[in-house]
Amino acid sequence: MSKYNPKKIEHKWQRYWGDKKLFRADDSSNKPKYYQLETFPYPSAAGLHVGHPKGYIAEDVHARYVRMSGKEVLYTMGWDAFGLPTENYAIKVGKSPQEVAEANIKNFRRQVKMFGLSYDWDREINTSEPEYYKWTQWLFLQLYKAGMAYQKLSKVNWCLSCKTVLANEQVLHKTQNTKHKTQTNSKSQTQNLKNEESVGVCERCETPVIQKEMKQWFFKITDYADRLLTDLEGLDWPEETVKRQKDWIGKSEGAVINFEISKYRNIEISVFTTRPDTLFGTTYLVLSPEHGLIENLKFKIENWDEVSKYIEKAKIKTELQRKEEAGEKTGIELKGVKAINPATKEEIPIWVADYVLGGYGTGAIMAVPAHDERDFEFAKKFDLPIQKVVEGGEISREAYEGNGNLTNSGKFDGMDSEKAKWEITKEVGGERKTQYKLRDWSVSRQRYWGVPIPIIYCHKCWETLTSKSETLNKFKDQNFKFQTTNIDEIEYMVVPVPEKDLPVKLPKLEDYRPKGVPPLASSKKFLDAKCPNCKNTAKRDAETLDTFVDSSWYFLRYIDPHNKKEFASKEKLKHWMPVDLYIIGAEHAILHLLYARFISKFLHDQGYLSFKEPVLKLRHIGLILGADRQKMSKSRGNVVNPDDVVNEVGADASRLYWMFMGPLEDAQPWDIKGVAGLYRFLNRVWNFISKLEEPGKENREANKILSKYIKEIGDDIKNMKFNTGVSGLMKLLNELEDKWLTNKQYGTFLKLLAPFAPHIAEELWQEVLGNKKSIHLESWPEYDETLLAEETVRLVIQVNGRVRDTIEVKKGLSEEDIKKIILDRDNVKKYITGTIKKVIYLQDRIINLVV
RNA sequence: GCCGCUGUGGCGGAACAGGCAGACGCACUGGACUUAAAAUCCGGUGGCCUCCGGGCCGUGCCGGUUCAAAUCCGGCCGGCGGCACCA
């Protein structure tokens, strides 16, 4: 008998499955479809780390089980290849991003393949290939046509020295004082950090980063806010993920109320409030530094110098700094102007403060210090009046934010605040309004390694447009909601690249380093374009799309990855979508999933898709931590490379170990020592072949045991409890160990093992048992109910709630039967000191005698 | 600060839906085999006490509900993650 040698068999079967295309997803199969999706990885230079395989193996075990259960499974892999880290790495090593990405993908593919995952490799995609990004650009154009893609000025992180936009993750959060590394108490360390002033600096040159307004493309995701919220109902998603999406969308209901400016009654300040019932308690207004009205009031503001200085300072603060300072209120009064409270008709002061955000609501608030904690703090600091208008708690040290009956509110006194909200809104001519925190999705990136934005800017068209109305009509015919833009003081017509000209290919460059303009702008060949409309010279948009756009629709491309006419055929989409199971890290709970849902809804509205929600069932994978229980990172030096693990014990034992470590969604520390147990287990499976029995001498007891575990292990996989599934296999083998099995019985065992350890199962199935077809084409075994019913159970006997005895009994006995049997037992009699007052009996499980 | 998750042996974890806490594995340990070691196989392993029959305690802490609590309720403490002035 040969010894178990994973190296010898694993590669062999991987090639066999690949050559036979065993896991090809058949579009025209008449089996029920099942679409399984997992995060397609970002192929970094570092290669796979041990966190990746956890989700992949779990999906593979599940996919193999679902196939054995008679479904046609679509399960494949691709590469989210565009993105900043690759570009930066390429610059660092002096290669092109194309070369780097290609090498990374090659390495990732090799690593992924060594686990023997049952992907349909014919559907592999790569977001950085023109065949893919052509459709990303097409998607952009559809959004543009529908008026869902537009340009506006927006704040970006800008490094004055590198002259480039920085992503949030490129802004280092640097503290002014040096950290004391000897400090061991983590609590006091956090305390220290909080007291230090921090600034955002460029990761490359350490120059402080400022906020700069730049023209950026946005997708109008806010149009879908309400549907993104309500359609979350009914999805089989982790509760916390649904909640986080809801919080992110941030729906709040309130009213917009206008305040007149005293003496200048034609100017009004609009505020959004969720508490119009507290209007009588509004003792001042606050504008955000960005508020447009401030400039309008310039000549009426007596302390303009101070005000403009405050505003300038506030504007260059990075988002990080603003977050840091949260709680420390600053602000300045606009002297010389007053607003009129529409409820009390009294004059109230107007302030500017950066605790009011420009991007939310109307960028201005009515301050009710008695009933809002932030207003309260501000009022205390600047000595502003506090007027209580809701009967509730004391207002001395903090605001009362609850509901109650009104007071000091004229004719509304005594009214319940919920009711008063809308009564008061009506009284002052306000308007009920629903507000969302969700902002439009900024998609422009001033970087090279991404999808070029398929837009051309034409000055000539703009000139004609403004002089001749027939051009205008021409654009109308094209069904575009036409837009114009201003770049460096020159006006342009925004002309979308015609679909027939897609893809706009990403050119190779000499130099990828940022130089103040996007890298693509330095390529004259790329930049110069013929206007598709007037045929004159025009220029291309030189920026690229956020990589979240690439990944917002990749699961649609898997369905029809080689389609040259459409992003995917309608029939195929209808057949395979929506996704039946998506396993993804919790870090993607908001952005990626929100964007994917948004794009699906958009394409649905455009008539391309027949479903509203792309993912029916979602599960998260927990992190694999280092042996030190810290997040794995290069700097901590606790990173484990999966290559080493697979080299050591083979793919099957590794797969089992990943699954055995613990629940899928929990984080677990990596402990290589644990792998040994799984390797031992597989050896025992292998060595069992010396105990195979002739047919006809089937051991009935073994069938009972098998039946029990067919059910248990199948249920575990279905419920994605892979850890107990593996322990089930071990228990099963332990229980079979002293028995002889027929080939058929051993084959049943191998089928249960097959989803978890596909190579060894295949080897034993074909080479030892002599089967001619792959075990992975077999059906999941059926269990015998009558055998399950024959099993005896161990009944627990309690007296006064304490376990005093156990007894082996047939299933299904009545309380009377049980009592007859147990009352004679010494262990029971011993504890029954008086009369039995009460008996609690749970059939086949427990009997409790209360005396 | 707010929100979410989480706390079980030396370790990873198990325990249907309130019903034997610690399955399964790691590590450790006793034995068999071996000249020896490795591998393998058989056994032990929460703590304390024991007259060796067993008894008591035990799932972060305090209290409650129940015949019965790791599980349900109230309060507190620790760990992890997310959000962060959203009017």
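Just so we're clear, the structure is a prediction, and the values are computed from it rather than from any experiment. In what follows, chains are A, B, ... by sequence order, proteins preceding strands, each numbered from 1.
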Original post:
Think A:Ser252 has a side-chain N or O under 4.0 angstrom from the OP1 or OP2 of B:A87?
Top reply: yes
**OP:** Look through every strand shown and name the nucleotide pairing with B:C28 as Watson-Crick or G-U wobble, where both distances are under 3.5 Å.
**Re:** B:G44
Subject >> Ring center gap for A:Phe218 and A:Trp441 short of 6.0 angstrom >> reply: no
Subject >> Euclidean distance for C1', B:A17 against B:A68 (whole angstrom) >> reply: 15 Å
Original post:
How far apart are the C-alpha atoms of A:Ser252 and A:Tyr360, what are their side-chain angles, what is the distance that settles it, and do they pass the side-chain hydrogen bond (donor to acceptor under 3.5 Å, both in side chains) test?
Top reply: CA-CA 11 Å; A:Ser252 52; A:Tyr360 183 75; 3.0 Å; yes
Subject >> C1' spacing across the pair B:C73 / B:U65, given as an integer number of angstrom >> reply: 7 Å
**OP:** Check the distance between B:G82's C1' and A:His592's NE2 and give it to me in whole angstrom.
**Re:** 18 Å
Subject >> A:Met366 vs A:Val675, nearer the 5' end of RNA chain B by closest nucleotide >> reply: A:Val675
Original post:
The side chain of A:Pro669 lies closest to which of these nucleotides: B:G12, B:A21, B:G19?
Top reply: B:G12
Original post:
Picking from B:C20, B:G25, B:C56, which would you name as closest to the side chain of A:Met730?
Top reply: B:G25
**OP:** For B:G12, decide between syn and anti, treating a glycosidic angle within 90° of 0 as syn.
**Re:** anti
Subject >> 5'-most by nearest nucleotide on RNA chain B - A:Gly677 or A:Arg804 >> reply: A:Gly677
Original post:
Which of these nucleotides, B:G25, B:C24, B:G19, is closest to any side-chain atom of A:Ile846?
Top reply: B:G19
**OP:** Determine: side-chain N/O of A:Arg802 to OP1/OP2 of B:C57, distance under 4.0 Å, yes or no.
**Re:** yes
Original post:
Any idea which of B:A27, B:G4, B:A14 is nearest the A:Lys673 side chain?
Top reply: B:A27
Subject >> Pairwise C1' distance, B:C85 and B:G79 [rounded to whole Å] >> reply: 28 Å
Subject >> Sugar-phosphate, base or nothing in reach of A:Asn848, heavy atoms under 4.0 Å >> reply: base
Subject >> Base of B:G19 paired with side chain of A:Gln798 (donor-acceptor, under 3.5 Å) >> reply: yes
**OP:** Provide, to the nearest angstrom, the distance between the CD1 atom belonging to A:Ile590 and the C1' atom belonging to B:C3.
**Re:** 11 Å
Subject >> Per A:Thr273 side chain, nearest of listed nucleotides B:G19, B:A15, B:A87 >> reply: B:A87
**OP:** Measure from NZ on A:Lys243 to P on B:C5 and round the result to the nearest Å.
**Re:** 9 Å
Original post:
When the P atoms of B:G25 and B:C42 are considered, how many whole Å apart are they?
Top reply: 11 Å
**OP:** Say whether, by atom type as modelled, one donor and one acceptor occur between the side chain of A:Lys54 and the main chain of A:Gly622 under 3.5 angstrom.
**Re:** yes
**OP:** Provide, to the nearest angstrom, the distance between the CZ atom belonging to A:Phe660 and the C1' atom belonging to B:A27.
**Re:** 13 Å
**OP:** Could you work out which one of B:C20, B:G12, B:G55 sits closest to the side chain of A:Gln668?
**Re:** B:G12
Original post:
Do A:Asp372 and A:Arg275 meet the salt-bridge criterion of a basic N to acidic O distance under 4.0 Å?
Top reply: no
Original post:
Is A:Lys437 touching bases, backbone alone, or none of the nucleic acid, heavy atoms closer than 4.0 Å?
Top reply: base
Original post:
If only side-chain N and O atoms of A:Lys838 are considered, is one of them under 4.0 Å from the OP1 or OP2 phosphate oxygen of B:C67?
Top reply: yes
Subject >> Closest nucleotide among B:A27, B:G54, B:A23 to the A:Arg680 side chain >> reply: B:A27
Original post:
Within the structure shown, what part of the strands sits under 4.0 Å from A:Val796 by heavy-atom distance: base, sugar-phosphate, or nothing?
Top reply: base
Original post:
For B:A14, does either OP1 or OP2 sit under 4.0 Å from a side-chain N or O belonging to A:Asn723?
Top reply: yes
Original post:
Should B:C85 form a Watson-Crick or G-U wobble pair with both distances under 3.5 Å, which nucleotide is its partner?
Top reply: none
**OP:** Specify the separation, in whole Å, of atom CD1 of A:Ile847 and atom P of B:C67.
**Re:** 17 Å
Original post:
Ion pair present between A:Asp236 and A:Arg619, side-chain N to carboxylate O less than 4.0 angstrom?
Top reply: yes
**OP:** Can you tell me the pairing partner of B:G18 across any strand shown, Watson-Crick or G-U wobble, with both distances under 3.5 angstrom?
**Re:** none
**OP:** Return the value, rounded to whole Å, for the distance between atom CZ of A:Arg275 and atom P of B:C85.
**Re:** 21 Å
Subject >> P atoms of B:G30 and B:C24, separation to the nearest Å >> reply: 22 Å
Subject >> Phosphate contact (B:A15 OP1 or OP2) by A:Lys721 side-chain N/O below 4.0 Å >> reply: yes
Original post:
Any side-chain N or O of A:Arg794 under 4.0 Å from OP1/OP2 of B:G19?
Top reply: no
Subject >> C1'-based separation of B:G1 from B:C49 [nearest Å] >> reply: 50 Å
Original post:
What is the distance, rounded to the nearest whole Å, between atom NZ of A:Lys731 and atom C1' of B:A14?
Top reply: 7 Å
**OP:** Among A:Tyr679, A:Phe756, A:Phe722, A:Trp670, find the one that has a ring pair (Phe, Tyr, Trp, His ring centres under 6.0 Å) with A:Tyr657.
**Re:** A:Trp670
**OP:** With the side chain of A:Phe272 defined as its heavy atoms from C-beta on, choose the nearest nucleotide among B:C24, B:C20, B:A87.
**Re:** B:A87
Original post:
Across all strands, who's sitting opposite B:C76 as a Watson-Crick or G-U wobble pair, both distances under 3.5 Å?
Top reply: B:G60
Subject >> Sugar-phosphate only, base, or nothing, as touched by A:Ala586 at under 4.0 Å among non-hydrogen atoms >> reply: nothing
Subject >> Shortest side-chain distance from A:Leu357, nucleotide among B:G19, B:A87, B:C83 >> reply: B:A87
**OP:** Would you indicate what A:Asp375 reaches in the nucleic acid, counting non-hydrogen atoms under 4.0 angstrom: base, sugar-phosphate, or nothing?
**Re:** nothing
Original post:
Is it true that A:Lys721 and A:Glu665 have a side-chain N and a carboxylate O under 4.0 angstrom from each other?
Top reply: no
Subject >> Base-pairing assignment for B:A38 (Watson-Crick or G-U wobble, both under 3.5 Å) >> reply: none
**OP:** May I ask you to verify if any side-chain N or O of A:Tyr831 is less than 4.0 angstrom from the OP1 or OP2 atom of B:G55?
**Re:** yes
Subject >> B:G10 versus B:G47 - spacing of their P atoms, nearest Å >> reply: 8 Å
Subject >> Lys/Arg N to Asp/Glu carboxylate O, A:Lys718 vs A:Asp715, below 4.0 Å >> reply: yes
**OP:** Could you check how far CH2 of A:Trp351 sits from C1' of B:A87, rounded to whole Å?
**Re:** 18 Å
Original post:
Should B:G44 be called syn or anti, with syn set as within 90° of 0?
Top reply: anti
Original post:
Which of the following nucleotides, B:C56, B:A14, B:A87, is nearest to the side chain of A:Thr724?
Top reply: B:A14
Original post:
Would a distance-only check, ignoring hydrogens and angles, find a side-chain to backbone donor-acceptor pair under 3.5 Å from A:Asn403 to A:Glu418?
Top reply: no
**OP:** Using the C1' atom as the reference point in each nucleotide, state the distance between B:C28 and B:G12 in Å, no decimals.
**Re:** 16 Å
Original post:
Is any side-chain heavy atom of A:Tyr284 closer than 4.5 Å to a side-chain heavy atom of A:Phe382?
Top reply: no
